[in-house]
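Note on naming: letters A, B, ... go to the chains in the order of the sequence lines (proteins, then strands), and numbering restarts at 1 for each one.
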There are 2 protein chains.
Amino acid sequence: MADNERTRAAEQPGTLADSIRASGLKVTAPRLAVLRVLDQAPHSTAERLFATVRAELPGTSLQAVYGVLAAFTGAGIARKIEPAGSPALFERQVGDNHHHIVCTRCGAVHDVDCAVGEAPCLTPSNTAGFTVHTAEVTYWGLCPDCQAAISSTSSSPSPLLNKGAQ
Amino acid sequence: MADNERTRAAEQPGTLADSIRASGLKVTAPRLAVLRVLDQAPHSTAERLFATVRAELPGTSLQAVYGVLAAFTGAGIARKIEPAGSPALFERQVGDNHHHIVCTRCGAVHDVDCAVGEAPCLTPSNTAGFTVHTAEVTYWGLCPDCQAAISSTSSSPSPLLNKGAQ
DNA sequence: TGCAATGTTTTGATTCAATCAAAACAACTG
DNA sequence: CAGTTGTTTTGATTGAATCAAAACATTGCA
């Protein structure tokens with residue numbers, strides 16, 4: 001590793017390093033790299049982040065990425081989402097309480113704003129004595145590309161997931 | 001296996017075998033056993049179902065349980081739910097579109113009726129071109145037991161999952 | 001009632017995602 | 001600039017689920 005690339009941390013311009021430091025974490029090259037990729041490609045798996053990070057920081061290990069992500073989610077600057085049938089995805093934590101829509105054919109994920117300003121069906125009717133802290137909505141459907149692919153070819157859809165009828 | 005226990009399928013009284021046959025599947029002892037346990041203990045993992053089924057049907061393998069569950073979900077008489085941080089859970093498919101509330105401390109799962117008769121926030125505001133088929137709501141909170149456990153002991157909650165702030 | 005065809009279950013191996021533990025190492029504090 | 005704390009690496013391991021092929025049972029049909 002020529003000239004210790006892994007230690008070049010503090011020389012970043014601004015915001016990324018700042019938001020890491022602001023959350024009480026030490027600033028390191030792997031963390032900067034992961035946060036940058038998280039920004040450029042939200043809803044990435046740990047493996048995908050690893051592949052991209054490794055391109056610019058060859059010494060990085062997959063376990064380091066997992067470690068960085070654990071630190072980020074613990075510190076509240078990243079969020080882990082786990083759609084059924086998919087490995088965990090990560091995105092930078094943003095203030096709003098948005099949800100996700102997942103394509104059942106290709107797995108593409110997009111953000112969806114919460115329908116009403118104040119969370120709508122976040123207060124279930126019968127909580128069975130539970131105290132509710134969070135409500136999480138996942139929408140399942142077809143992304144534009146897969147709609148086109150299905151309507152043009154008459155081949156079988158080969159769905160990524162087999163959700164029960166709603 | 002004395003007198004071929006595994007083949008005693010058709011002699012069940014009624015409803016279980018009927019609902020298997022009604023969905024176009026062959027009736028077998030492992031399927032009857034899995035469906036019975038699914039009825040008695042909803043929200044069970046495959047492993048848990050396997051342990052219970054094996055008690056009454058010793059020759060059954062874990063893979064058989066997975067196979068039965070795949071057949072059931074494919075035929076629409078069982079539903080697979082996959083809460084973040086937990087292995088997949090299974091329940092008998094019922095007509096209503098209910099959701100689930102999960103205890104972040106002990107993992108207990110309960111059913112929650114959809115707040116309004118017609119699904120409320122099942123129509124997101126910006127679908128980004130997606131066609132929405134299903135909306136899935138998961139509530140996270142504390143079950144009554146864990147609320148009591150936390151307020152009585154001042155020990156650390158040791159949460160099962162670390163959800164981001166909502 | 002018995003036979004054949006189809007579909008299910010078993011057996012064994014394998015994949016994928018994620019986590020654990022300890023040693024080597026680097027970032028921040030003073 | 002040195003020490004302390006915390007991070008990263010290395011290597012192994014777990015857990016959940018899936019795959020493939022052979023053995024077997026259920027159902028429909030004669």
- Message: Treating A:T104 as the side-chain partner and A:G141 as the backbone partner, does any N or O pair qualify as donor plus acceptor under 3.5 Å?
- Response: yes
- OP1 or OP2 of D:dA16 under 4.0 Å from side-chain N/O of B:T45: no
- Over how many whole Å does the gap from A:K26 atom NZ to C:dC28 atom C1' extend? 5 Å
- Rounded interatomic separation in angstrom, taking CG from B:L25 and C1' from C:dT8: 10 Å
- Query: Over how many whole Å does the gap from B:R54 atom CZ to C:dT11 atom C1' extend?
  - Reply: 13 Å
- Message: From CD of A:Q63 over to P of C:dA23, roughly how many Å is that when rounded to an integer?
- Response: 17 Å
- Item | Nucleotide nearest A:V27 (side chain, heavy atoms from C-beta), chosen from D:dT7, D:dT18, C:dC28 | C:dC28
- Query: Side-chain N or O of B:R31 less than 4.0 angstrom from OP1 or OP2 on C:dT9?
  - Reply: yes
- Distance, rounded to the nearest Å, where A:I20 contributes CD1 and C:dA26 contributes C1': 15 Å
- Note on the structure: Smallest heavy-atom separation, B:V102 atom then B:G107 atom, equals CG1-O, 4.2 Å
- Message: Without decimals, in angstroms, what is the distance between B:Y66 OH and C:dT14 C1'?
- Response: 14 Å
- Item | Separation of atom CZ in A:F50 from atom C1' in C:dT19, rounded to whole Å | 16 Å
- Query: Would you say a side-chain N or O of A:R21 is under 4.0 Å from OP1 or OP2 of C:dA27?
  - Reply: no
- Message: What is the distance, to the nearest angstrom, from the CG atom on B:L69 to the P atom on D:dT18?
- Response: 10 Å
- Note on the structure: The answer to which of A:L62 and B:P87 contacts DNA chain D further toward the 5' end, by nearest nucleotide, is A:L62
- Give a yes or no answer on whether the side chain of A:Q147 reaches the backbone of A:L142 with a donor-acceptor pair at less than 3.5 Å. yes
- Item | Among C:dA18, C:dT11, D:dT7, the one nearest B:S61 by side-chain distance | C:dT11
- Determine, for B:D18 against B:R21, whether the closest basic-nitrogen to carboxylate-oxygen distance falls under 4.0 angstrom. yes
- Which nucleotide sits closest to the side chain of B:T60: D:dT8, C:dT10, C:dT19? C:dT10
- Look at all strands and tell whether B:A71 reaches a base, only sugar-phosphate, or nothing, counting heavy atoms closer than 4.0 Å. nothing
- Within the side chain of A:E136, is there an N or O that forms a donor-acceptor pair under 3.5 Å with the backbone of B:W140? no
